[in-house]
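The first residue in the sequence is number 1, and the count goes up from there. Computed from a predicted structure; not experimentally measured.
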Amino acid sequence: MKSTALTRTQSWTRPQTFLIGAFLTLTLMMAQTLSASARGAPESFADLAEKVSPSVVNITTTQTVAQPNRPRLPQVPEGSPFEDFFKDFFDQIPGQEGQRPPRRASALGSGFVVSADGYIVTNNHVIDKADEIVIEFFDGKELDAKLIGRDPNTDIALLKVEAEEPLPFVTFGDSDISRVGDWVLAVGNPLGQGFSVSAGIISADNRSLRSGPYDDFIQTDAAINRGNSGGPLFNMDGTVIGVNTAIISPNGGSIGLGFSMASNVVKPVVAQLKEFGETRRGWLGVNIQDVDEEMADALGLEKAAGALVSDVPDGPAKEAGIIAGDVILNFDGKEVDDIRGLIKQVGNTAVGKSVRVIVQREGKTQTLKVVLTRREDAEKEIVVSSDSPEKEKTETSLGIKMISLTDEIRKQLKLSKDATGVAVVSVDETSDAFEKGLRKGDLIVEVGQVSVDSPEAVTEAVKAAQDAGRKSALFLVRRDGSPRFVALSLGN
C-alpha cells in the first residue's frame, strides 16, 4: 500500500502538481486571512477614515495675553555714547517706559461635530481663556464658534457653530464594551499640520492620570501629539469611544502613551452642557476611601471591595442615616468595587433622584434610601491646621504615644471645644502605624468602630480586637480636619 501510494505521488503530472500547490497556497492564505480577521486586523483603515474625517474639525483660538513690563531705560552718565544707543533701542518698543502692550496669542487643537445643527466637542484646555474660536472643517470652510459650556473636571467643552446646511457628525459609542487590544483610530490636527489619521490599539483602560475625580482614560498607542487634543478616538464601527486629551512623553512627541477620556464619561457631560450650559452631578455627601485587605479583615468583610465612609458632613447621606464606618457595597443597583467607581456612579446619577444604597455596618447589611443633591452646589473645602503638644501623662499602644484631650490641647490643635478623641504625641518610626502614615498631631477618634476619648480606651479597644482573633484594628484618624480609616497590624 505504501509503495503504491508513493508511486502514484511520483507519477502525478506537472499540471496536477501546480494545481495541488496552488490549492495549498490558497488554503494557507485563507487561513491567514481568517486568523487576521479573528484578531480584528483590517486590511486598510481607508474606508473608515473617509467616513469619519468630515466630522472632525481643526480649532484655532486667540486670546489677549498681558506681557511683562519692559525694563526701564538704564541709568547712564549724561553725554555718554551709550545714552543715544539705549534711547534708540527702547524707543523701538511700543508703549510707555516700563509698560508693554498686550499681545495676541493663538493655539491649535481638534474637535468633532456631534450633531447636524453644529454642536462640537473638544477639550476644555483647548479653548480655555480664548477670546475667539474659529472652526475649520474638512473641506476648508471656516466658521466662528461660541462656547456653550465647559467642565474642567473632565476637561470637556461644548461649542456651537451656525451653519447654513446640516453638518456631517459622529455619535458616541460604548467605551465600556471596548477591550484592550481592540483597534482604534485617532483623527485630529497634530502640531498644526492639518487633518491627520493614526491607528493603534487600546493598550489599557480605566486609567487615572490624577487630573480629577472622574478620570477614566483609554490608553492607546495610536500616535497622539500636541494639536490632537480634543479630537476623537474611533472604534472600528466609526463611533467615538474617547476624546484625545493627554500624552506622556519626555520630549513632547508621541511615544505610544496617549490617553483619551472614555466616551461613557463624556456623553453625560456633553448632554448636561447642552441642556444647562453647566454640569449637574449627583452628590451623596460622604468622604470615602478604598478598602484594602487589612481593612477588610478588620471590618469582617468577605473581600476587599466597596467604599469605606470616613466622614458624613451635613447632606443627603447624613439625612438618610449613613454613618462613618459604613462600607458602601451597592449604589443604585450596581456593586461598588472601589471609590473611583462609586464617584463616577454618583456623578452620573440625576440630581434629585432617590437611590437605594446598601451598606455593611457592624457585620450586617442595611439598605438606605438617599435623595441626591447637586455636587456643584454642595462641595465645600475644610482646612484645619494642627500642631501637637507633648505632655507628661501619656500611654503607648502599637507604637503610638497618645494623650487625652484638654482645653489647652484642643486650642493648640485648633479643635472645637466639644471635640473628642485622643491626640497623637509621637509615633515609633519602626511601627506599622508610622508606615501607614500616622504622625504627631493626628487625632484618633475611633478604634474598631468604637469611639475613644482616652489613651486607655485605645489600648482596651486594641486588646479587644486581639482577643477576638483579629489581625488588624481599624483606626479612624483625623488630620487637618479630614478623616481617614487606617488598618493597623496587631502583630498576632
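- For the side chain to side chain contact (heavy atoms under 4.5 Å, CB included) test, residues two or more places apart in sequence or in another chain that qualify with Ala461 are Val447.
- Rounding to the nearest 0.5 Å gives a distance of 8.5 Å between CG of Leu233 and OG of Ser198.
- When atom types are taken as modelled, the side chain of Ser110 and the backbone of Asn189 share a donor-acceptor pair closer than 3.5 angstrom.
- In this structure, the side chain of Lys436 engages the main chain of Ala487 through a donor-acceptor pair within 3.5 Å.
- For the pair Glu446 and Phe475, the minimum side-chain heavy-atom distance is 4.5 Å or more.
- Scanning all heavy atoms of the two residues, the minimum distance from Leu299 to Leu474 falls at CD2-CD2, 3.3 Å.
- Here Asp467 pairs with Lys463 under the salt bridge (charged side-chain N to carboxylate O under 4.0 Å, His left out) rule; sequence neighbours left out.
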How far apart are the C-alpha atoms of Leu108 and Asn58, what are their side-chain angles, what is the distance that settles it, and do they pass the side chain to side chain contact (heavy atoms under 4.5 Å, CB included) test? CA-CA 7 Å; Leu108 300 173; Asn58 294 341; over 6 Å; no
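- The CG atom of Asn228 lies 7.0 Å from the OG atom of Ser196; values are rounded to the nearest 0.5 Å.
- Residues Val462 and Leu490 meet the side-chain proximity criterion, which asks for heavy atoms closer than 4.5 Å.
- Arg410 places no side-chain N or O within 3.5 Å of a backbone atom of Thr420 that could act as its donor or acceptor partner.
- Counting heavy atoms from C-beta outward, Asp182 and Met236 have side chains that stay 4.5 Å or more apart.
- Listed for the Asp297 side chain is no donor-acceptor partner under 3.5 Å among the backbone atoms of Gly300.
- Side-chain contact between Val161 and Val57 is absent, with no heavy atoms from C-beta onward closer than 4.5 Å.
- Residues Ala320 and Val370 come closest through the heavy atom pair CB-CG2, 3.4 Å.
- Counting heavy atoms from C-beta outward, Ile247 and Leu257 have side chains that stay 4.5 Å or more apart.
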Do Tyr119 and Leu158 pass the side chain to side chain contact (heavy atoms under 4.5 Å, CB included) test, and can you show the C-alpha distance, the side-chain angles, and the key distance before you say yes or no? CA-CA 7 Å; Tyr119 283 96; Leu158 183 65; 3.8 Å; yes
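- Between the side chains of Asn264 and Asp176, at least one donor N or O lies within less than 3.5 Å of an accepting N or O.
- Not one N or O on the side chain of Asn124 forms a donor-acceptor pair closer than 3.5 Å with the backbone of Asp155.
- Distance alone, capped at 3.5 Å, is enough to place a donor-acceptor pair between the Ser472 side chain and the Glu294 backbone.
- Evaluation of the side chain to side chain contact (heavy atoms under 4.5 Å, CB included) rule for Ala468 yields Arg470 as partners, not counting sequence neighbours.
- For Glu278, the CD atom is densely surrounded, since the number of other residues' heavy atoms within 6.0 Å is greater than 12.
- Listed here is the closest heavy atom pair of Ser175 and Ile218: CB-CD1, 4.3 Å.
- Sequence neighbours left out, the pairs with a member in residues 281-290 that pass salt bridge (charged side-chain N to carboxylate O under 4.0 Å, His left out) are Asp151-Arg281, Arg281-Glu376.
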For a side chain to side chain contact (heavy atoms under 4.5 Å, CB included) check, start with the C-alpha distance between Ile202 and Ile241, then their side-chain angles and the critical distance, and finish with the verdict. CA-CA 11 Å; Ile202 296 176; Ile241 59 168; 4.0 Å; yes
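- To the nearest 0.5 Å, the span separating CZ on Phe259 from CD1 on Ile248 amounts to 4.0 Å.
- Atom-to-atom distance recorded for Ile120:CD1 and Ile135:CD1 is 4.0 Å, nearest 0.5 angstrom.
- Using a distance-only test at 3.5 Å, with no hydrogens or angles considered, no donor-acceptor pair links the side chain of Gln289 to the main chain of Ser310.
- At least one donor-acceptor pair closer than 3.5 Å links the side chain of Asn244 to the backbone N or O of Pro232.
- In Arg226, the CZ atom is not crowded: 12 or fewer heavy atoms of neighbouring residues, nucleotides or ligands sit closer than 6.0 Å.
- Considering all non-hydrogen atoms of both residues, Ser263 and Asp174 come closest at OG-C, 4.2 Å.
- For the side chain to side chain contact (heavy atoms under 4.5 Å, CB included) test with Leu284, the passing option among Thr349, Leu372, Thr373 is Leu372; the others fail.
- Between atom CG of residue Leu405 and atom CG of residue Asp453 there is a gap of 9.0 Å, rounded to the nearest 0.5 Å.
- Residues Thr279 and Leu273 are in side-chain contact: their nearest non-hydrogen atoms beyond the backbone lie under 4.5 Å apart.
- Applying the salt bridge (charged side-chain N to carboxylate O under 4.0 Å, His left out) definition to pairs two or more places apart or across chains, those involving residues 334-344 are Asp216-Lys344.
- Screening Arg478, Lys318, Arg484 against Asp311 for a side chain to side chain donor-acceptor pair (under 3.5 Å) leaves a single residue, Arg478.
- Annotation: side chain of Trp183 is in contact with side chain of Pro42 (closest heavy-atom distance under 4.5 Å).
- Salt bridge annotation for Glu275-Arg280: absent, with no cationic side-chain nitrogen under 4.0 angstrom from a carboxylate oxygen.
- Under the 3.5 Å distance criterion, the side-chain polar atoms of Asp432 are matched with a main-chain donor or acceptor of Ser489.
- For the atom pair OG (Ser451) and CG (Leu476), the distance works out to 8.5 Å, reported to the nearest 0.5 Å.
- Checked for salt-bridge contact, Arg439 and Asp442 miss the test: no charged N lies under 4.0 Å from a carboxylate O.
- Under the salt bridge (charged side-chain N to carboxylate O under 4.0 Å, His left out) criterion, the residue pairs touching residues 355-368 are Asp326-Arg361, with sequence neighbours excluded.
- In this structure, Lys303 contributes its side chain and Ala296 its backbone to no donor-acceptor pair below 3.5 Å.
- Using a 4.5 Å cut-off on side-chain heavy atoms (C-beta onward), Val266 and Thr154 make no contact.
- In terms of heavy-atom proximity, Ile156 sits nearest to Asn123 at CD1-ND2, 4.3 Å.
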Under the side chain to side chain contact (heavy atoms under 4.5 Å, CB included) rule, what do Arg375 and Val346 come out as? Steps first, then yes or no, please. CA-CA 9 Å; Arg375 177 174 181 140; Val346 175; over 6 Å; no
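- Taking both residues in full, the closest heavy atoms of Phe112 and Val170 are given as CD1-CG2, 3.9 Å, listed atom of the first, atom of the second, then distance.
- No side-chain donor-acceptor contact under 3.5 Å links Asp237 and Thr239.
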